[in-house]
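So the structure is just underneath, and the comments pick up after that.
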Amino acid sequence: MRYFLSITFILASVLNVSFLEANLYKIFFTNDTSLIDSLPPLFKENKIILSNGKTYMRSEVKEILFRYQYSPYLSKEKFVFKDAKNLIENGNNLNKRFPGYRFSVVEYDLKQTLLSNGHRKTSGHICYRLNSISSLKGNRVSLEFDEARSNIKILGARVILPDASVVLLSDDDIFTSISSDKKSIDRYVKLNLIFPGVCIGSLIDYTYEKYEHTPFNKEFFFPKHSFYDRFPTGSHSFSIEVPKNAFFKYSTRNFKSNPDPLISNNDNSISYTWTLHDLIPIEFEPESPPYYDTLPFVYATTVDSWDRVFKWYAKFLNKRLETTPKIIEQARLITASGLTEEDKVNLLYIFMQRNVRYISLKESISSSFSGHSAENTLSNGYGDCIDKSILFSALLKVIGIKSNPIILMTNDQRKQIDDIPCLDGNHAIVKCYINDKEYYLDPSSIHYNFPYFDYINYGSNSMDIMEGKLSRIPVPDPKDNSFLQQGTISILSPQTARLEIKTIANGSTAAKLRNLYSPRKNSEIEEIFEGELSKRYPGSNLNNIDFKHLYDLKGNLEIKQEYILYNLGAINDKFFAFNLEEIIPEFTALKYKNRMNPLFFQDTKYSSNSFCYNLPSNMRIIYIPASIKIENPFFSYSGSYSINGKDIVFKDEYIRKSRLIPVEKFNEFKLKLFEIITFTREQIILEFEE
């Protein structure tokens, strides 16, 4: 839970609000009640004291908002609203057609405008229906803006009650707060509109206008918008307006019908409008392709070439990539013990993950887009993805490794825009070259060693600013995300066996295991392993567990385990039977009966098992399962048992070849997985001889 409990006068000064202006404070409590106070609350130890002397514990207070006596954000000019009766009727009809949703979006209109002076304006109108008791909390709307770069105006806001009567918002219903969602020192402000007197069937209806007077670059205008929502929508429109003399190009994705806009010529500008009607909510499924990559999407540019984008961005990066004496000293200190180039790169990779924390603090437009200087990030000991990529590239440059920060959209979002010139991306990593071979490394991750990198980057399009080109980040070979087990099971008696396992993992598989185990105490780790053991073999004991490269990242992760197993498979005093069900890969796909969306895996996968069963001299093999081999477009699997003297040797190999399973192929994929499960559930049958 986040609390807005900083000292009031500090928050007021950040907001440029004096106590005479912001002299009303709304306190929200964790029990969903609230009250208004005319004086700033006092903070004493773990208590909050109001002007009437009442005292509350800090833990009881969820949020404190400021309110101007006369809100500068609410327009005083008369606003012409749409007909309330018509909106009520449309909302009621929408709810009847798509029942069961908390909200119905009656109208959603958004317009982004490039003005002739390079400034920007965003106009929005939203009208939605409250359909249930739980939706009544939807009477609060938050609009966020950077006060240093823009301002916002509420042109009109109202509640339309079911009988079409109207309650207008007043100054008393508008509060401000510092945004808690931005890890930056920009002056982001949340404008909170609290719509009064709502009930089931009410409409929330408001129109706003945001004016951006300090864009990051007046020559760059990259509007974009995704349609649809998680709620049924009657009408959804998106408009772009640009001056007639501006270069303009647009592109669209995922439109099922005509994606061409309605074009309107004004005196000095041209507007392009896309409108969709009767949008049915897209159901979200786990392990699906990125949600926003399935929606109708419009994006545009006023830049006529990628070269202009790269050159503008490179101006910032070149300066920030400077290898100062401090950078040179640090790089040489870290790599002093490195033997090969790969070793040196790994030492710097480890340093970035272990010694430079991920924190984002941006104090200017240029640093937001292209990071701080390498020396600044090194001195601070923290930075965000672009800061860390700049520092990592500068350190690599010192040891003679060519490298560049690259910008990308992670594969859990939508596909990066690459068909028209623009700036697009949500992450930065590093591309480097060793012996002319290309490697990708993510210094913002925390559990990866060279040459592996975070799976959220696999297959993403990227912008290499310094080389001035677009490229696709490769998807690593499955063996770069491997999970290998080698084990020996020595059957000691009809009731007991000793199990010794060595596990080796690399890539994202190792990173996930490190993420699970490295923050924990040894006793907690042992509890995890013992818990899993008890599910399969109740009463069994974990004798020993040992990790290698769990923390230091200087090699592949290794885990050695030793157990004493009870009740392994005795049927009676004579016969013994067990299977290998516990070693199969985790096939999470099997939990889905059907799929509405393709099944999407972010990473690749390779697993292999090799187990030797040492049998006592008085035990005879009655049956071992036949070998199996499966080949299909999605994966390959082979598994076999063989007899070596008195031992049984089991080996298998699973390689997932595809990260995307189409809906029409899902049942086929699932049936092939069941073949593996059937194989591993077959029992080995042994007999104790007299």
Side-chain angles (χ1 to χ4, degrees), residues 482-505 526-548 558-587 606-630 636-655 673-690:
S482 63
F483 183 80
L484 313 178
Q485 288 194 122
Q486 298 174 325
T488 301
I489 298 178
S490 301
I491 298 177
L492 307 177
S493 73
Q495 300 296 328
T496 61
R498 177 186 295 112
L499 170 60
E500 296 173 292
I501 304 177
K502 179 181 179 181
T503 302
I504 302 174
E526 290 174 0
E527 286 179 6
I528 292 174
F529 280 85
E530 288 174 342
E532 292 299 316
L533 179 66
S534 64
K535 293 177 185 177
R536 179 68 177 170
Y537 305 111
S540 298
N541 296 324
L542 170 64
N543 284 353
N544 184 54
I545 183 168
D546 181 57
F547 287 87
K548 185 177 181 181
E558 296 183 14
I559 309 173
K560 291 182 179 180
Q561 308 153 61
E562 183 181 326
Y563 304 92
I564 294 295
L565 306 180
Y566 296 102
N567 304 310
L568 176 64
I571 299 175
N572 52 41
D573 290 340
K574 188 172 183 179
F575 290 101
F576 197 84
F578 60 91
N579 59 36
L580 298 172
E581 184 180 352
E582 72 274 13
I583 69 166
I584 66 171
E586 184 182 358
F587 293 142
Y606 174 84
S607 67
S608 177
N609 296 284
S610 177
F611 282 85
C612 180
Y613 295 84
N614 299 146
L615 309 183
S617 58
N618 63 337
M619 180 171 274
R620 184 168 67 94
I621 300 170
I622 302 297
Y623 174 79
I624 60 173
S627 299
I628 184 175
K629 188 168 185 178
I630 303 172
S636 63
Y637 180 79
S638 62
S640 66
Y641 294 87
S642 61
I643 299 173
N644 182 16
K646 290 293 294 182
D647 297 337
I648 299 174
V649 178
F650 169 79
K651 291 184 178 180
D652 81 342
E653 181 182 70
Y654 174 81
I655 304 174
L673 293 183
F674 273 121
E675 289 184 31
I676 301 177
I677 292 177
T678 301
F679 168 70
T680 59
R681 284 180 176 174
E682 277 201 82
Q683 292 191 320
I684 301 169
I685 301 176
L686 309 172
E687 180 186 16
F688 281 96
E689 298 176 324
E690 296 294 338

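From a predicted model like this one, the values you see are computed outputs, not experimental measurements. In this chain, residues are counted from 1 in sequence order. Note that these values count all heavy atoms, side chains included, but never hydrogens, waters or copies made by symmetry.
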Quick one: closest heavy-atom pair of [X] and [Y], and the distance?
| X | Y | value |
| --- | --- | --- |
| Ile621 | Ile648 | CD1-CG1, 3.6 Å |
| Lys646 | Ser617 | NZ-O, 3.6 Å |
| Gly531 | Ser534 | O-OG, 2.8 Å |
| Glu682 | Pro625 | CB-CG, 3.6 Å |
| Leu542 | Glu530 | CB-CG, 3.7 Å |
| Leu565 | Ser540 | CA-OG, 3.3 Å |

Asn541 side-chain N/O to Ile564 backbone N/O, donor-acceptor pair under 3.5 Å: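 No: the side chain of Asn541 does not pair with the backbone of Ile564.
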Could you tell me whether a side-chain N or O of Thr488 sits under 3.5 Å from a main-chain N or O of Ile501, the two making a donor and an acceptor?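 Here the side-chain-to-backbone pair does not exist.
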If you measure from [atom1] on [X] to [atom2] on [Y], what distance do you get to the nearest 0.5 Å?
| X | Y | atom1 | atom2 | value |
| --- | --- | --- | --- | --- |
| Phe611 | Gln486 | CZ | CD | 9.5 Å |
| Leu533 | Tyr566 | CG | OH | 11.0 Å |
| Ile655 | Ser638 | CD1 | OG | 8.0 Å |
| Asn614 | Asp647 | CG | CG | 4.5 Å |
| Ile685 | Tyr623 | CD1 | OH | 8.0 Å |
| Ile624 | Gln683 | CD1 | CD | 14.5 Å |

When you look at NZ of Lys560, are more than 12 heavy atoms from neighbouring residues, nucleotides or ligands closer to it than 6.0 Å?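 Not buried by this count: 12 neighbours or fewer within 6.0 Å.
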Can you confirm if the aromatic rings of Tyr641 and Phe679 lie within a centre distance of less than 6.0 Å? yes
Side-chain heavy atoms of Leu484 within contact of Tyr606, under 4.5 Å: yes
Please test Ile628 against Thr678 for side-chain contact (heavy atoms from CB on, under 4.5 Å), starting from the C-alpha separation and ending with a verdict. CA-CA 10 Å; Ile628 184 175; Thr678 301; over 6 Å; no
Set out, in order, the CA-CA distance, both residues' side-chain angles and the distance that settles side-chain contact (heavy atoms from CB on, under 4.5 Å) for Ile559 and Phe529, then state yes or no. CA-CA 11 Å; Ile559 309 173; Phe529 280 85; 4.3 Å; yes
Test applied, side-chain contact (heavy atoms from CB on, under 4.5 Å); reference residue, Lys502; option that passes from Gln561, Gln485, Lys548, Glu558: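 That would be Glu558.
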What do the steps show when you test Asp652 against Ile676 for side-chain contact (heavy atoms from CB on, under 4.5 Å), and what is the final call? CA-CA 10 Å; Asp652 81 342; Ile676 301 177; over 6 Å; no
